[in-house]
Amino acid sequence: MPFVRDLLADAARRAADYLERLDSRPVGPLPGATERLVAALDQPLPEMGSDAVDILAVLDDLASPATVASAGGRYFGFVTGGALPAALAANILAGAWDQNSFGWASSPAVAAIEDAALRWVKEALGLPPASEGALVTGATMAHFTCLAAARNRVLKEAGWNVDADGLFGAPEITVVVGAEAHATLFKVLSMLGLGRRRVLTLPVDAEGRILPDNLPQIAGPTIVCLQAGNVNSGAFDPAEPLIAWARQGGAWVHVDGAFGIWALASAQKAPLARGYTAADSWAFDAHKWLNVPYDSGIALVADRSALTDAMSLTGAYLMAGDRRDAMAVTPDSSRRARAVEVWAALKSLGRRGLAELVERHCRQARRLAEGLRQAGIAVLNDVVLNQVVVGFGSDARTHAVIATIQDDGTCWCGGTVWHGVAAMRISVSSWATTDDDIERSLAAILKADRDTPST
Ligand SMILES: *Cc1c(COP(=O)(O)O)cnc(C)c1O
């Protein structure tokens with residue numbers, strides 16, 4: 001198929017050109033690019049098809065300039081990691097494979113790689129080897145997967161079969177969250193029929209960590225949700241006292257570790273996440289700190305049967321032999337081969353490279369915080385991980401500085417709300433971020449601050 005070979009070579013060339021150009025272009029979309037793309041897309045479905053080479057050219061010419069350069073080294077929004085070269089290349093090859101990755105029957109290759117990838121993830125984080133995993137789209141669906149298992153299990157212990165009988169007439173479940181729980185958790189509680197509002201909310205300290213004193217009495221079906229890595233401050237709920245308390249009440253402990261759980265991969269940072277390995281379920285992302293292409297999240301459940309009870313297709317699915325079929329442990333049936341990228345990323349980093357990646361980002365975040373403080377700018381959090389929360393005075397001035405930074409295009413930082421006031425959040429989470437990127441970004445932020453009048 002010489003035509004396909006030429007086409008894929010063209011795609012690879014364009015992709016490499018795109019990545020090489022990231023360093024010299026603004027991080028946001030190029031001026032006018034989004035408008036041009038929207039106008040060009042405003043066409044009815046064509047009667048006749050087009051040539052694939054031309055389609056690629058149109059995408060590259062019109063859409064590449066309208067992208068956000070989040071694959072580059074100076075994008076600090078939304079804890080968005082880049083894509084490690086090995087993971088990107090694996091993604092391209094797996095795209096050619098086009099495997100339906102629901103199990104051994106549909107793709108022995110991906111099923112085998114998925115087993116290996118999950119084993120490595122558990123090894124990297126020191127999570128229980130017997131825990132069962134699901135590769136899903138992100139932390140949101142990982143929450144969904146874990147909390148479905150939790151819901152079914154705590155109700156089973158109360159004598160209720162939610163799988164067969166649903167939630168009508170079921171015993172009530174107490175869901176405990178911290179006051180700084182991530183928004184996606186509430187969306188998932190609503191999707192699972194547990195309700196966004198009917199949670200027991202525990203107070204937090206200034207960094208967003210649940211206060212482990214004066215904890216309420218818990219009894220009956222209960223799910224306690226802890227957070228390893230606050231999306232603003234990067235702070236961790238203190239797992240040791242909280243899990244001890246949850247265990248006394250017989251609760252299921254679920255962890256939102258979207259990016260923070262990767263601290264366990266570094267001896268330097270693991271103390272932040274002390275105790276988290278004793279939870280019942282963990283939801284986290286691979287597309288954030290592990291730097292694989294979107295989309296990629298991981299759900300792990302310590303008790304395998306709790307996951308298979310909740311996710312099997314037939315209610316009581318028995319796996320053929322001891323082989324793990326993904327569709328018996330995930331909400332999806334047909335799905336793409338996420339495992340290939342996760343495996344490639346871990347293979348390319350190794351234990352050392354992963355620890356080094358986490359530690360480098362934490363060091364770079366500290367450097368940014370130090371540079372900002374030296375210039376008299378308020379760093380609002382204790383920079384324990386890769387997150388820096390910054391204030392520039394009033395809400396209006398903070399918004400103005402963020403807009404100036406985004407317009408300037410040297411780096412990209414987004415806004416957030418921290419303790420009720422507007423703030424800027426910097427998340428250092430891309431493999432591509434060099435120390436030079438940090439210095440260039442710091443200079444751009446300091447300049448935006450200087451150029452913004454005080455209000
Ligand atoms: C990003 C994030 C999520 C949601 O993850 P998605 O991959 O976007 O679904 C949940 N919790 C925390 C703490 C996060 O940072």
Side-chain angles (χ1 to χ4, degrees), residues 4 7-8 11 45 49 52 55 59 83 87-122 131-149 151-152 162-164 166 184 187-188 191-193 258 281-288 290 292-301 304-346:
V4 174
L7 178 66
L8 294 184
L45 174 67
I55 294 170
L59 284 174
L88 172 60
N91 166 281
I92 293 171
L93 183 61
W97 292 347
D98 190 29
Q99 300 287 280
N100 187 345
S101 308
F102 67 72
W104 286 87
S106 63
S107 180
V110 175
I113 294 170
E114 191 158 319
D115 282 357
L118 281 167
R119 203 175 63 241
W120 279 0
V121 167
K122 289 183 268 184
S131 56
E132 185 55 270
L135 298 183
V136 291
T137 51
T140 305
M141 281 309 291
H143 283 320
F144 180 85
T145 308
C146 292
L147 291 175
R151 179 194 66 178
N152 292 20
V162 69
D163 182 53
T184 53
K187 174 173 170 176
V188 166
M191 291 198 289
L192 287 168
S281 59
W282 303 264
F284 50 103
D285 281 306
H287 56 216
K288 285 180 179 166
L290 186 60
V292 302
Y294 285 91
D295 50 27
S296 194
I298 301 172
L300 285 176
V301 176
R304 172 174 209 259
S305 68
L307 185 57
T308 52
D309 282 354
M311 291 298 152
S312 62
L313 273 178
T314 58
Y317 179 92
L318 290 176
M319 299 210 202
D322 35 292
R323 283 186 162 179
R324 166 194 175 283
D325 272 337
M327 71 176 163
V329 288
T330 50
D332 310 295
S333 298
S334 302
R335 57 208 272 277
R336 71 179 196 93
R338 292 188 188 92
V340 177
E341 300 139 11
V342 171
W343 181 86
L346 288 169

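Here, residue 1 is the first one in the sequence, and each next residue gets the next number.
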Inter-residue atom distance N152.CG - L147.CG, 0.5 Å rounding:
10.5 Å
Keeping the roles fixed (side chain from [X], backbone from [Y]), state whether a donor-acceptor pair exists under 3.5 Å.
X    : Y    : answer
R338 : G297 : no
R336 : G95  : no
K122 : S131 : yes
S296 : V292 : no
R335 : S101 : yes

Would you call [X] and [Y] a side-chain contact if the rule is heavy atoms closer than 4.5 Å?
X    : Y    : result
F102 : D325 : no
R324 : E114 : yes
D163 : D309 : no
H143 : T184 : yes
V340 : N91  : no
L290 : D285 : no

Please evaluate residues T145 and T330 with respect to the criterion side chain to side chain contact (heavy atoms under 4.5 Å, CB included), reporting the C-alpha separation (whole Å), side-chain torsions for both, the decisive distance (0.1 Å), and the verdict.
CA-CA 7 Å; T145 308; T330 50; 5.9 Å; no
Starting from the C-alpha separation in whole Å, work towards a yes-or-no answer on side chain to side chain contact (heavy atoms under 4.5 Å, CB included) for V110 and N100.
CA-CA 9 Å; V110 175; N100 187 345; over 6 Å; no
Which heavy-atom pair separates T137 from H287 by the least distance, and what is that distance?
O-CE1, 3.3 Å
